[in-house]
Amino acid sequence: MMRIKGMAVTLYNKEKVGTDELRRPIYEEKPEVVENVLVSPVTAEDVVNEFNLTGKHAVYELAIPKDDEHVWTDRKVSFFGQDWRTFGPVTRGIEENIPGAWNAKVKVEKYE
């Protein structure tokens, strides 16, 4: 029996390190490796639909492990030797009703 296994993805968490002269928060990105993330390319139809709805060019969709508690909204991530940015809402399913180890998804676009 073949078993699906995700890959390690580096997620950059935003950590407040101070404030500027206008008292706006200053954040620093701290890398953290998240194991067992599924990475799949989006379909051509998804690319067109997402661009028409949000103006973003979706490239991949990440499936996030059920036990993960990181914030994935608007975060830099790295995999395949490149940097990406998550966008849009993290969609979640009912954990008990979804087979496998993943129950949340988020889309990513190329990060420049």
Side-chain angles (χ1 to χ4, degrees):
M1 180 167 110
M2 191 168 112
R3 184 177 166 153
I4 298 173
K5 183 176 181 330
M7 63 184 283
V9 169
T10 302
L11 173 68
Y12 292 83
N13 294 305
K14 291 181 182 177
E15 185 175 298
K16 185 177 176 181
V17 293
T19 56
D20 66 11
E21 59 275 354
L22 298 174
R23 297 185 185 171
R24 293 177 296 202
I26 298 172
Y27 294 97
E28 191 173 288
E29 291 181 326
K30 302 280 187 177
E32 185 175 346
V33 175
V34 180
E35 298 290 338
N36 199 26
V37 176
L38 293 181
V39 178
S40 67
V42 296
T43 66
E45 182 180 347
D46 287 339
V47 172
V48 171
N49 289 340
E50 198 63 53
F51 183 75
N52 287 337
L53 290 171
T54 67
K56 306 278 187 176
H57 291 276
V59 180
Y60 289 101
E61 188 168 60
L62 305 180
I64 303 164
K66 288 180 179 178
D67 60 351
D68 184 81
E69 296 182 4
H70 292 94
V71 175
W72 289 84
T73 304
D74 191 32
R75 294 291 190 258
K76 177 181 168 185
V77 294
S78 297
F79 56 90
F80 297 150
Q82 297 182 358
D83 294 330
W84 310 87
R85 173 77 55 189
T86 66
F87 70 91
V90 175
T91 56
R92 295 187 186 279
I94 299 170
E95 199 170 303
E96 297 80 25
N97 294 342
I98 299 175
W102 309 270
N103 75 321
K105 298 186 295 185
V106 67
K107 291 187 171 113
V108 298
E109 66 177 342
K110 185 69 178 120
Y111 181 71
E112 301 294 330

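Quick caveat, the model's predicted, so the values are computed rather than measured.
Of all the heavy atoms in Tyr12 and Pro31, the pair that sits closest is CE2-CB, 3.5 Å. Across all their heavy atoms, Val33 and Ala8 have their closest contact at CG1-CB, 3.8 Å. Here the closest heavy-atom approach between residue Asn13 and residue Arg75 is recorded as CA-NE, 4.3 Å.
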For residues 89-104, run the donor-acceptor check on the side chains, cut-off 3.5 Å, and write out each pair with its distance to 0.1 Å, sequence neighbours left out.
unit_1	atom_1	unit_2	atom_2	d
Trp102	NE1	Asn36	O	2.7
Asn103	ND2	Gly93	O	3.4

Could you give the side-chain donor-acceptor pairs of residues 16-27 under 3.5 Å, partners two or more places apart or in another chain?
unit_1	atom_1	unit_2	atom_2	d
Asp20	OD1	Leu22	N	3.0
Asp20	OD1	Arg23	N	3.1
Asp20	OD1	Arg24	N	2.8
Asp20	OD2	Arg24	NE	2.9
Asp20	OD2	Arg24	NH2	2.9

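Ring pair Trp84/Phe79 is parallel by interplanar angle, where below 30° counts as parallel and above 60° as perpendicular.
With sequence neighbours excluded, no residue forms a ring pair (Phe, Tyr, Trp, His ring centres under 6.0 Å) with Phe87. Shown here are the salt bridge (charged side-chain N to carboxylate O under 4.0 Å, His left out) partners of Glu29, two or more places apart in sequence or in another chain: Arg85. Listed by chain and number, the residues in a salt bridge (charged side-chain N to carboxylate O under 4.0 Å, His left out) with Asp83 are Lys76 (sequence neighbours excluded). Residues satisfying the side-chain contact (heavy atoms from CB on, under 4.5 Å) criterion with Glu15, sequence neighbours excluded, are Lys30.
Between the Thr86 side chain and the Asp74 main chain, a donor and an acceptor come within less than 3.5 Å of each other.
For the atom pair Leu11 CG and Asp68 CG, the distance stands at 7.5 Å (nearest 0.5 Å). Note that CD of Glu32 and OG1 of Thr10 are 9.5 Å apart. Values are rounded to the nearest 0.5 Å.
Cluster annotation: Met7 is connected to Val77 through the hydrophobic network of ILVMFWY side chains, with a link wherever side-chain heavy atoms come within less than 4.5 Å.
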